[in-house]
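Down below is the structure, laid out as structure tokens.
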Amino acid sequence: MDRLPAARGFVRRFVAGPRLDDALAVVARLNADGIDALVTHLGENVATAQDAAHAADAYLEMLDQIARRSLRAVPSLKLTHLGLDLGESVCRANLERVAARGQASGTLVWVDMESSAYVDRTLDLYGAQHASHTNLACVVQAYLRRTAQDVERLIELGATVRLCKGAYREPPAIAFPDKRDVDASYARLVDRLLSADALTRRVYPAFATHDERMLERARESARRGGVRADQYEIQMLYGIRHDLHAPLRAAGLHLRVLIPYGEDWYGYFMRRLAERPANLTFFFRQLLRG
Ligand SMILES: Cc1cc2nc3c(=O)[nH]c(=O)nc-3n(C[C@H](O)[C@H](O)[C@H](O)COP(=O)(O)OP(=O)(O)OC[C@H]3O[C@@H](n4cnc5c(N)ncnc54)[C@H](O)[C@@H]3O)c2cc1C
């Protein structure tokens, strides 16, 4: 796929490019429009401790470049990229390096949530690091049946939490198979994360979605509870629903867009294709034309 120009063009819709500079050029453009960024160095499930250390090094370089260029951007990483499959201690050491560098410049470091096999380990590691690295932020997925309970624990911690619907294929025993149930779960969790109780505990929620009904739910819930616009944020992915950026900004909302870069785009790209059948049709049409 990487060698077909038509495929490469379509990948570029979702991925800024192979290099950090490609991502930071997009960040600079977004910042100029009043939009903040998350930056992801693509990669997951590394097979060696050396690859995991290199991934952490890439995030250190990213943090340095963000500070040097005075950009409004923060990293968003995956624990399996930092070696979670190789053992908790390998991953923890890498995460601590990145978190400490972020802490030194007052930068948040988001820890993405991966498939259900990693949820306990990710939340445990986050919980264990939360006291010493207050700049770590974590993610929950509305499609998991367990998430309402996880959110209660995160509220007790006063966590910075991204709420997304969830991007992995999960069995019905642990995830809602029906999209309507996922949306209902998302809406309930929006209300919970914006509740007076959660905000009093210093929870900072980020609503990561392109679903206009969910975005409206967040705004409505915030309005009802008298929540200020600087007490939460909206997050979106590069390449999806850019048409919503200007109206969200005009409504005074804090918007952050996630910019992925790197050579290891396959897993990320496939999740973007899978969550929208229309993407597949478009993709294959482009391939045939190419
Ligand atoms: C900033 C950010 C960080 C994320 N981090 C994680 C994470 O850590 N773990 C995780 O499991 N998931 C993560 N996700 C992905 C998320 O779980 C969903 O898979 C993804 O956002 C699609 O769901 P949706 O909320 O946009 O709603 P949907 O109901 O899926 O989509 C709503 C509308 O958005 C548009 N849209 C959505 N997806 C696409 C697409 N691929 N291509 C084109 N249009 C699309 C369509 O117009 C669609 O009708 C993240 C998402 C965002 C925005």
Do Arg249 side-chain atoms and Leu253 backbone N/O form a donor-acceptor pair below 3.5 Å?
-> yes
Flag yes if Tyr232 and Val203 sit in one hydrophobic cluster, no otherwise; membership is Ile, Leu, Val, Met, Phe, Trp, Tyr, and two members link when side-chain heavy atoms are under 4.5 Å apart.
-> yes
Charged N to carboxylate O below 4.0 Å: is that the case for Asp181 and Arg145?
-> no
For Leu199 and Pro205, work out which heavy atoms get closest and say how close.
-> CD2-CD, 4.2 Å
Does atom CZ of Arg202 have more than 12 heavy-atom neighbours from other groups under 6.0 Å away?
-> no
Residue pair Arg92 / Ser89, side-chain donor-acceptor N/O under 3.5 Å | no
Side-chain heavy atoms under 4.5 angstrom apart, residues restricted to Ile, Leu, Val, Met, Phe, Trp, Tyr: same cluster for Leu194 and Leu248?
-> yes
May I ask you to test the Tyr168-Met113 pair for a side-chain heavy-atom distance under 4.5 Å?
-> no
Please check if Leu258 and Met270 belong to a single hydrophobic cluster, counting links between Ile, Leu, Val, Met, Phe, Trp and Tyr side chain heavy atoms closer than 4.5 Å.
-> yes
Taking atom types as modelled and ignoring hydrogens, do the side chains of Thr80 and Asp85 form a donor-acceptor contact shorter than 3.5 angstrom?
-> no
Take Met214 and Leu163, measure what side-chain contact (heavy atoms from CB on, under 4.5 Å) needs, and give me the verdict at the end.
-> CA-CA 11 Å; Met214 298 303 132; Leu163 175 64; over 6 Å; no
Under the side-chain hydrogen bond (donor to acceptor under 3.5 Å, both in side chains) criterion, do Ser195 and Arg192 qualify, and how do the steps go?
-> CA-CA 5 Å; Ser195 66; Arg192 183 65 186 114; 2.9 Å; yes
Answer yes or no: is there a donor N or O on one side and an acceptor on the other, between the side chain of Thr40 and the main chain of Ser76, under 3.5 Å?
-> yes
With a 4.5 Å heavy-atom cut-off, do Leu95 and Leu136 have their side chains touching?
-> yes
What are the two closest non-hydrogen atoms of Thr107 and Pro75, and how far apart are they?
-> CG2-CD, 4.0 Å
Please tell me if the side chains of Asp21 and Tyr261 come closer than 4.5 Å, counting only heavy atoms from C-beta onward.
-> no
From OH (Tyr59) to CE (Met62), nearest 0.5 Å = 5.0 Å
Counting only heavy atoms not in Arg223, do more than 12 sit closer than 6.0 Å to its CZ atom?
-> yes
Please work out whether the ring planes of His242 and Tyr238 are parallel, tilted or perpendicular, with thresholds of 30° and 60°.
-> tilted
Can you find a heavy atom in the side chain of Leu215 that is under 4.5 Å from one in the side chain of Thr209?
-> yes
Above 12 or not: heavy atoms from other molecules or residues under 6.0 Å from CD of Gln50?
-> no
Between Asp22 and Arg19, is the closest basic N to carboxylate O distance under 4.0 Å?
-> yes
Look at the side-chain heavy atoms of Ile, Leu, Val, Met, Phe, Trp and Tyr, link any pair under 4.5 Å apart, and say whether Leu86 and Leu82 land in one connected group.
-> no
Tell me, yes or no, whether the heavy-atom count around Arg180 atom CZ, taken from other residues, nucleotides or ligands under 6.0 Å, exceeds 12.
-> no
Would you say Leu125 and Val111 make side-chain contact, with heavy atoms under 4.5 Å?
-> no
Could you tell me whether Asp64 and Arg101 make a salt bridge, using a distance below 4.0 angstrom between a side-chain N and a carboxylate O?
-> yes
State, yes or no, whether a side-chain contact exists between Leu79 and Tyr118 at a heavy-atom distance under 4.5 Å.
-> no
So if you build clusters from Ile, Leu, Val, Met, Phe, Trp, Tyr with side-chain heavy-atom gaps below 4.5 Å, do Met236 and Leu71 land together?
-> yes
Side-chain contact test, heavy atoms from C-beta onward, threshold under 4.5 Å: evaluate it for Gln141 versus Glu170 and give yes or no.
-> no
Apply the test side-chain contact (heavy atoms from CB on, under 4.5 Å) to residues Phe10 and Leu273: give CA-CA distance (whole Å), side-chain angles for both, the deciding distance (0.1 Å), then the verdict.
-> CA-CA 10 Å; Phe10 198 59; Leu273 282 191; 3.5 Å; yes
Separation between CG (Leu63) and CZ (Arg68), nearest 0.5 Å, reads 11.5 Å
Flag, side chain of Gln235 to backbone of Cys164, donor-acceptor distance under 3.5 Å | no
Keeping the roles fixed (side chain from Asn279, backbone from Arg272), state whether a donor-acceptor pair exists under 3.5 Å.
-> yes
Arg213 and Asp183 ion-paired at < 4.0 Å | yes
Backbone of Ala142 reached by a side-chain donor or acceptor of Thr147 within 3.5 Å = no
Assess whether side-chain contact (heavy atoms from CB on, under 4.5 Å) is satisfied between Asp112 and Arg162, documenting all intermediate values.
-> CA-CA 9 Å; Asp112 291 352; Arg162 172 193 305 158; 3.1 Å; yes
Can you say whether the rings of His130 and Tyr126 are parallel (under 30°), tilted (30 to 60°) or perpendicular (over 60°)?
-> tilted
Between Leu244 and Pro247, which heavy-atom pair has the shortest distance, and what is it?
-> O-CD, 3.3 Å
Between Phe207 and Ala218 the two heavy atoms that sit nearest each other are CD1-CB, 3.8 Å
So how far is it from Glu96 CD to Gln129 CD, rounded to the nearest 0.5 Å?
-> 4.5 Å
Is there a side-chain contact between Arg256 and Val74 (heavy atoms, below 4.5 Å)?
-> yes
Euclidean distance, Ile240 CD1 relative to Arg276 CZ, rounded to 0.5 Å | 8.5 Å
Arg13 side, atom CZ; Phe269 side, atom CZ - distance, nearest 0.5 Å | 9.0 Å
Salt-bridge present (Arg241, Asp243; N to O < 4.0 Å) = yes
Minimum heavy-atom distance between Cys91 and Gly83, given as atom pair plus value | CB-C, 3.9 Å
CZ/Arg72 to CD1/Ile35 distance, rounded to the nearest 0.5 angstrom?
-> 9.0 Å
Salt bridge between Asp150 and Arg153, side-chain N to carboxylate O under 4.0 Å?
-> yes
Under the side-chain contact (heavy atoms from CB on, under 4.5 Å) rule, what do Ile66 and Leu24 come out as? Steps first, then yes or no, please.
-> CA-CA 8 Å; Ile66 286 171; Leu24 297 185; 4.1 Å; yes
Should the pair His41 and His81 be assigned to parallel (<30°), tilted (30 to 60°) or perpendicular (>60°) ring geometry?
-> tilted
Shortest non-hydrogen contact between Ala16 and Ala23, atoms and distance = CB-CA, 3.8 Å
